Every structure is written in C-alpha cells, then in structure tokens.
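Please read all numbers here as calculations on a predicted model, not as lab measurements.
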Amino acid sequence: MEHMVDHMRTTYHSVHEPTCGVCKKHCRSFESLREHLIGPLPKQECKNLFNIRGCKFCLAILNSPYALKIHQDRCQLSGVNYGILARMANLGLRDSLTIDNGFSRGPQEVALACKMVGGGSGGSLDLCARVCIIDDNENTIFHTYVKPPIPVTNYRYETTGIRPEYLRDAMPLRQVQRRIQDFLCNGEAMWKIRSPKDGKARILIGHGLDHDLDRLQVEYPATMIRDTAKYPPLVKTSKLSNSLKYLTQAYLGYDIQTGILDPYEDCVATMRLYLRMRNQVHRREDYPLASDPQNRNNFASWRQSELERMSPEEMLAISKSDYYCWCLDSA
C-alpha cells in the first residue's frame with residue numbers, strides 16, 4: 001500500500017480525468033486513454049468491448065451497438081460551409097465588439113484566431129494580418145484585416161490568401177489591440193479580473209493563444225484563457241501540444257486547414273472543442289483542485305499510516321486535480 005499512496009500523491013488522479021468506460025482506469029489525457037483502448041499495446045478486454053460499443057471521437061463506451069450508432073451520429077460534427085465563408089470574407093469586415101451596459105449581456109465565451117504574414121529579413125517574423133472572434137453560437141463578432149506596424153516582406157499567400165491591397169487601408173494594429181482588450185475585459189479593470197464567476201470579463205478560447213495575444217499585443221489573465229494547445233486532457237502522452245488540425249479530426253470528426261487558412265474555421269474548431277470538454281459530466285465537488293487550501297494536507301506525509309489503511313476508492317475520493325477542468329466553467 002505504500003507504493004499506492006506514493007502513486008496517488010504524485011499523479012493527482014481525480015473525477016475530472018479521462019476514464020476508461022470498461023476497467024475505470026484513470027488516464028492523464030485522452031491520448032493516453034486512446035492508447036489504452038486501441039493503441040499498439042491496449043488492454044485486450046477493453047479493446048474488444050471498445051471495438052463493439054466505443055465512440056472513436058469521445059472514447060465513451062455505449063450500452064449497445066445501436067446506442068453507439070445514434071451517439072456517434074451526434075458526436076461527429078461537420079465542417080463549416082466554405083462557399084458561404086469565402087463570400088463573407090470577400091465582402092469585408094465585421095465589428096460587433098460591445099461592452100455590456102447592465103441591461104443586456106453579451107457573449108461570455110468567445111474564440112479568437114489570427115493569421116500571420118511575415119516581416120523582417122526573410123519574412124520570418126510573424127505579424128498579425130487578420131483576426132476573427134466568434135461567440136459560442138459560431139456567430140462572427142469581429143473580423144478584420146490588420147495593418148502591421150512594420151513592413152510586410154512575405155504575405156504567405158499560399159496559406160493566408162492575403163494580398164497587399166487587403167492591408168493597405170486595414171485597421172492599424174494598435175486600434176485592433178484596444179478594441180479586443182476592451183471587449184475581453186468588458187468594463188472590468190484588468191487587476192480586478194480573477195475568475196469567470198467573479199465579474200463581467202469574458203472567457204477567451206483559442207489554440208496557441210500565447211502567440212496570438214503576443215502578436216496582437218493584448219494582455220489577459222491566464223485564469224480567463226482556455227487554450228486547446230495546453231489543456232492537459234488534450235495534449236499528447238508526452239505532454240506536448242497536439243495541432244488543432246489533429247484535435248479537430250480526432251475529437252470532432254472532420255478536417256480543417258486543407259487549403260487557404262481561415263481564422264473563422266479555427267475559431268469554430270476551438271469553440272467546439274471547448275464546449276465538448278466543458279459539457280462533460282463530472283461529479284461536483286466543493287473544492288475540486290489540489291491547490292485549494294482545504295486539500296493541502298490530503299496526502300501529507302504525517303498521514304502516511306492512515307493513508308496506507310485506505311482502499312484505492314477512498315484515496316481516489318480525496319485525490320484532487322492538479323489542473324482546472326473546463327467542466328467547472330458550467331458549475
């Protein structure tokens with residue numbers, strides 16, 4: 001039991017982790033669970049059942065093959081309509097960024113994506129040239145081309161579709177930065193923003209947001225950011241980030257980024273991934289995080305003898321997550 005206590009002390013197993021629907025094994029990520037079910041060396045009993053009743057997108061085990069068919073038809077999503085998107089993009093800009101006035105409440109969860117052109121010698125310096133923000137219903141709130149503060153030396157047309165004339169009269173970066181910063185803070189002073197439940201500031205969703213926000217020169221508290229490139233259940237078993245292209249194909253069931261890259265498409269993918277993670281049903285706990293002061297002594301060394309007398313189920317009940325599960329946003 002000493003080995004079990006040490007294992008629970010360091011792994012932070014919790015009700016928020018991906019769990020095998022057959023043997024109830026806790027995994028650190030969905031990729032780890034996928035390997036457990038259908039990887040090179042799966043647990044055979046779990047693999048056999050998963051092959052009959054398992055959803056290849058959310059990795060849930062259903063009650064019957066018929067239930068699986070109904071579930072998977074809902075679980076697999078379709079891509080965005082490129083014909084409409086292309087026409088919308090060519091029509092120009094959209095700016096519906098507003099701050100809540102106390103009488104109406106705007107979207108509290110928004111997704112952001114940027115597309116970069118190149119600056120500097122050789123065009124290797126990323127410059128934001130296009131940005132899109134959508135709400136949780138996939139409606140475009142903000143879409144604009146951005147005029148970089150330094151000359152563009154590589155428009156990367158093959159992937160961005162951006163031409164010099166698109167940026168000639170575009171909104172300057174400084175103006176874009178102010179518009180987005182004010183919209184995200186939503187009337188809250190930056191130093192007051194603590195969590196989504198304590199004020200009016202909006203949850204910001206995206207993939208690789210550190211880079212996008214840096215290029216936009218926007219600062220925003222980490223507690224309000226939901227990044228699909230960093231979220232522990234969505235990373236590789238090596239803890240490195242998965243690409244958004246892979247995550248969309250593996251967990252949503254459709255392909256993106258197959259031609260000229262569209263920030264709206266990336267926004268939709270990250271929003272859908274976020275909502276899928278947020279809508280998972282986990283047991284509610286008053287203090288769900290290992291960092292909560294109430295859980296500080298759960299596995300303290302001075303409790304070693306007491307912990308060794310506990311069953312694995314009892315230890316799991318006091319073990320808490322070392323990351324913020326997105327399901328807590330809906331609590």
Peer 1: Supply the atom-to-atom distance Arg309 CZ to Gln304 CD, rounded to the nearest 0.5 angstrom.
Peer 2: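 Those atoms lie 11.0 Å apart.
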Peer 1: Stepwise, does the side chain to side chain contact (heavy atoms under 4.5 Å, CB included) test hold for Thr19 with Leu33?
Peer 2: CA-CA 7 Å; Thr19 305; Leu33 176 57; over 6 Å; no
Peer 1: Do Leu307 and Arg9 have side-chain heavy atoms sitting under 4.5 Å apart?
Peer 2: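 Yes, their side chains come closer than 4.5 Å.
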Peer 1: For Arg53 and Leu62, indicate whether the former's side chain and the latter's backbone hold a donor-acceptor pair under 3.5 Å.
Peer 2: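 Side chain of Arg53 to backbone of Leu62: a pair is present.
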Peer 1: Near Trp302 CH2, under 6.0 Å, is it more than 12 heavy atoms from other residues, nucleotides or ligands?
Peer 2: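 Above 12, so yes.
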Peer 1: Which of these passes side chain to side chain donor-acceptor pair (under 3.5 Å) with Glu109: Arg202, Arg226, Arg278?
Peer 2: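 Answer to the side chain to side chain donor-acceptor pair (under 3.5 Å) test with Glu109 among Arg202, Arg226, Arg278: Arg278.
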Peer 1: Return the minimal non-hydrogen interatomic distance between Cys75 and Phe57, and the atom names on each side.
Peer 2: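 Taking every non-hydrogen atom into account, SG-CB, 4.0 Å.
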Peer 1: I'd like to know if the side chain of Ser321 and the backbone of Tyr323 have a donor-acceptor N/O pair within less than 3.5 Å.
Peer 2: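 Indeed, once roles are kept as given, a pair shorter than 3.5 Å links the two residues.
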Peer 1: In the structure I gave you, are the side-chain heavy atoms of Tyr324 and Thr223 within less than 4.5 Å of one another anywhere?
Peer 2: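 A side-chain contact is absent here, since even the closest heavy-atom pair is not under 4.5 Å.
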Peer 1: With a sphere of 6.0 Å drawn around CG of Asp73, does it hold more than 12 non-hydrogen atoms of other residues, nucleotides or ligands?
Peer 2: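 More than 12 heavy atoms, drawn from other residues, nucleotides or ligands, come within 6.0 Å of this atom.
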Peer 1: Are Leu173 and Lys147 side-chain neighbours, meaning at least one heavy-atom pair lies under 4.5 Å?
Peer 2: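 SC-SC contact between Leu173 and Lys147 ruled out.
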Peer 1: Given Tyr251, which of Thr228, Leu234, Leu77 fulfils the side chain to side chain contact (heavy atoms under 4.5 Å, CB included) condition?
Peer 2: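 Passing option: Leu234.
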Peer 1: His143 and Arg130: side-chain donor and acceptor closer than 3.5 Å?
Peer 2: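 Looking only at side-chain atoms, Arg130 and His143 do form a donor-acceptor pair, the distance falling under 3.5 Å.
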Peer 1: Does the pair Lys230/Asp210 count as a salt bridge with the N-to-O cut at 4.0 Å?
Peer 2: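 Here Lys230 pairs with Asp210 in a salt bridge, since their nearest N and O are under 4.0 Å apart.
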Peer 1: Do Asp182 and Leu97 touch side chain to side chain, with heavy atoms closer than 4.5 Å?
Peer 2: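 Heavy-atom side-chain distance check fails, nothing below 4.5 Å.
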Peer 1: Within this structure, what is the CZ-CD distance for the pair Arg194 and Glu188, rounded to the nearest 0.5 Å?
Peer 2: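 That separation rounds to 10.0 Å.
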Peer 1: Step by step, would you call Val146 with Met171 a side chain to side chain contact (heavy atoms under 4.5 Å, CB included)?
Peer 2: CA-CA 5 Å; Val146 182; Met171 190 181 295; over 6 Å; no
Peer 1: Report whether Tyr12 and Phe299 are members of the same hydrophobic cluster (ILVMFWY, side-chain heavy atoms less than 4.5 Å apart, transitive linking).
Peer 2: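 Looking at the clustering, Phe299 is in a separate group from Tyr12.
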Peer 1: Main chain of Ile318, side chain of Asn295: is a donor-acceptor contact present, judged purely on distance under 3.5 Å?
Peer 2: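 It does not hold such a pair.
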Peer 1: Any salt bridge linking Glu45 with Lys47? Criterion: basic side-chain nitrogen under 4.0 Å from a carboxylate oxygen.
Peer 2: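 Looking at Lys47 together with Glu45, the answer is no, because their closest N to O distance does not fall below 4.0 Å.
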Peer 1: At what distance, to the nearest 0.5 angstrom, does CE of Met190 lie from OH of Tyr220?
Peer 2: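 Here the rounded value is 7.5 Å.
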Peer 1: Give a yes or no on whether Tyr157 and Leu125 share a hydrophobic cluster (residues Ile, Leu, Val, Met, Phe, Trp, Tyr; joining criterion: side-chain heavy atoms under 4.5 Å apart).
Peer 2: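 Not linked; separate clusters.
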Peer 1: I'd like to know if Asp266 and Lys115 make a salt bridge, using a cut-off of under 4.0 Å between side-chain N and carboxylate O.
Peer 2: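 Between Lys115 and Asp266 there is a salt bridge, with a charged N closer than 4.0 Å to a carboxylate O.
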Peer 1: Minimum heavy-atom separation for Thr153 and Gly123, please, with both atom names.
Peer 2: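 Looks like OG1-CA, 3.1 Å.
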Peer 1: Got a second to check how far Cys267's SG is from Asp135's CG, nearest 0.5 Å?
Peer 2: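 Interatomic distance, Cys267 SG to Asp135 CG, rounded to 0.5 Å: 10.5 Å.
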Peer 1: Do NZ/NE/NH1/NH2 and the carboxylate oxygens of Arg28 and Asp322 come within less than 4.0 Å?
Peer 2: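 Asp322 and Arg28: salt-bridged.
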Peer 1: Can you name the closest pair of heavy atoms from Cys128 and Val131 and give their distance?
Peer 2: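 Looking at all heavy atoms of both residues, the closest pair is SG-CB, 4.4 Å.
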Peer 1: Which is it for Leu273 and Leu244 under the side chain to side chain contact (heavy atoms under 4.5 Å, CB included) test, yes or no, and what are the steps along the way?
Peer 2: CA-CA 10 Å; Leu273 286 165; Leu244 181 58; 3.8 Å; yes
Peer 1: Please list, chain by chain and in numerical order, all residues satisfying side-chain contact (heavy atoms from CB on, under 4.5 Å) with Ser64, sequence neighbours excluded.
Peer 2: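 Scan of Ser64 (side-chain contact (heavy atoms from CB on, under 4.5 Å), adjacent residues dropped) gives Tyr66, Ala67.
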Peer 1: Check for a donor-acceptor pair, side chain of Asp212 on one end and backbone N or O of Ala113 on the other, with a separation under 3.5 Å.
Peer 2: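 Such a contact is absent between Asp212 side chain and Ala113 backbone.
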Peer 1: Check this for me: Phe142, atom CZ, are more than 12 non-hydrogen atoms of other residues, nucleotides or ligands nearer than 6.0 Å?
Peer 2: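 Yes.
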Peer 1: State, to 0.1 Å, how close Pro196 and Met224 come at their nearest heavy-atom pair, and which atoms those are.
Peer 2: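 Taking Pro196 first and Met224 second, the nearest heavy atoms are N-SD, 3.6 Å.
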Peer 1: With distance as the sole test, does Thr160 use its side chain to make a donor-acceptor pair with the main-chain N or O of Ile162 at under 3.5 Å?
Peer 2: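 It does hold such a pair.
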Peer 1: So, applying side chain to side chain contact (heavy atoms under 4.5 Å, CB included) with His16, which one of Lys320, His282, Gln280 is it?
Peer 2: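 That would be His282.
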Peer 1: Taking side chain as C-beta onward, heavy atoms only, is Thr248 less than 4.5 Å from Asp255?
Peer 2: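 No; the side chains remain at least 4.5 Å from each other.
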Peer 1: Ignoring hydrogens and geometry beyond distance, is a side-chain donor-acceptor pair present between Asp136 and Gln108 at under 3.5 Å?
Peer 2: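 Note: Asp136 and Gln108 side chains miss the donor-acceptor criterion.
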Peer 1: Work out which heavy atom in Leu167 is nearest to a heavy atom in Ala129; give both atom names and the distance.
Peer 2: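 Looks like CD2-O, 3.6 Å.
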Peer 1: Quick test of your reading: applying salt bridge (charged side-chain N to carboxylate O under 4.0 Å, His left out), list the pairs with at least one residue in residues 158-180, sequence neighbours left out, ordered by first then second residue.
Peer 2: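 Residue pairs with at least one partner in residues 158-180: Asp95-Arg179.
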Peer 1: Would you say that Glu35 contacts Thr237 through its side chain, given a criterion of any heavy-atom pair below 4.5 Å between the two side chains?
Peer 2: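 Side chain of Glu35 against side chain of Thr237, heavy atoms only: contact under 4.5 Å found.
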Peer 1: Quiz question: by atom type and distance under 3.5 Å, do the side chains of His211 and Asp126 form a donor-acceptor pair?
Peer 2: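 There is such a pair (donor and acceptor under 3.5 Å, judged by atom type) between the side chains of His211 and Asp126.
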Peer 1: Would you say the side chain of Ile134 lies within less than 4.5 Å of the side chain of Asn139, judging by non-hydrogen atoms?
Peer 2: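 Answer no - side chains too far apart.
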Peer 1: To check you understand the geometry: which heavy-atom pair defines the closest contact between Ala111 and Met271, and what is its length?
Peer 2: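 Looks like N-CE, 3.7 Å.
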Peer 1: When rounded to the nearest 0.5 angstrom, what distance separates OG in Ser243 from CD1 in Ile256?
Peer 2: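 Answer rounded to 0.5 Å: 8.0 Å.
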Peer 1: Got a donor-acceptor contact below 3.5 angstrom from the Asn242 side chain to the Tyr246 backbone?
Peer 2: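 Not a single qualifying donor-acceptor pair exists.
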Peer 1: Main chain of Leu216, side chain of Gln177: is a donor-acceptor contact present, judged purely on distance under 3.5 Å?
Peer 2: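 It does not hold such a pair.
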Peer 1: Please verify the inter-ring angle class for Trp326 with Tyr231; under 30° counts as parallel, over 60° as perpendicular, anything in between as tilted.
Peer 2: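 Trp326 and Tyr231: parallel rings.
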Peer 1: Does Glu138, at its CD atom, have more than 12 non-hydrogen atoms belonging to other residues, nucleotides or ligands within less than 6.0 Å?
Peer 2: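 Result for CD/Glu138: enclosed.
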Peer 1: Please say yes or no: joined through hydrophobic side-chain contacts below 4.5 Å, possibly via intermediate residues, are Leu209 and Phe183 part of one cluster?
Peer 2: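 Linked within one cluster.
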Peer 1: Test your reading of the model: is there a side-chain donor-acceptor pair from Ser319 to the backbone of Ala317, 3.5 Å cut-off?
Peer 2: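 Not a single qualifying donor-acceptor pair exists.
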Peer 1: Should Leu252 and Leu261 be counted in the same cluster of Ile, Leu, Val, Met, Phe, Trp and Tyr side chains packed under 4.5 Å apart?
Peer 2: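 No, it is not one cluster - the side chains of Leu252 and Leu261 are not joined through contacts under 4.5 Å.
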Peer 1: Any side-chain heavy atom of Asn51 sitting closer than 4.5 Å to one from Leu49?
Peer 2: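 No, every pair of side-chain atoms sits at 4.5 Å or beyond.
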Peer 1: Counting distance only, does the side-chain N/O of Gln175 pair as donor-acceptor with the main-chain N or O of Pro172 below 3.5 Å?
Peer 2: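 No; zero donor-acceptor contacts below 3.5 Å.
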Peer 1: With sequence neighbours excluded, what pairs up with Lys24 under the salt bridge (charged side-chain N to carboxylate O under 4.0 Å, His left out) test?
Peer 2: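 Lys24: no salt bridge (charged side-chain N to carboxylate O under 4.0 Å, His left out) contacts found.
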Peer 1: Is a donor on one side and an acceptor on the other found under 3.5 Å between the side chain of Glu314 and the backbone of Ser311?
Peer 2: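 Yes; at least one donor-acceptor contact below 3.5 Å.
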Peer 1: According to a 4.5 Å side-chain heavy-atom criterion applied to Ile, Leu, Val, Met, Phe, Trp and Tyr, with indirect links allowed, do Val281 and Val15 form part of one hydrophobic cluster?
Peer 2: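 The answer is no; the residues belong to distinct hydrophobic clusters.
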Peer 1: Should the pair His26 and His13 be assigned to parallel (<30°), tilted (30 to 60°) or perpendicular (>60°) ring geometry?
Peer 2: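 Tilted, since the angle between the ring planes falls between 30° and 60°.
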Peer 1: Starting at CG of Leu275, measure out to OG1 of Thr270 and round the result to the nearest 0.5 Å.
Peer 2: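 Answer rounded to 0.5 Å: 9.5 Å.
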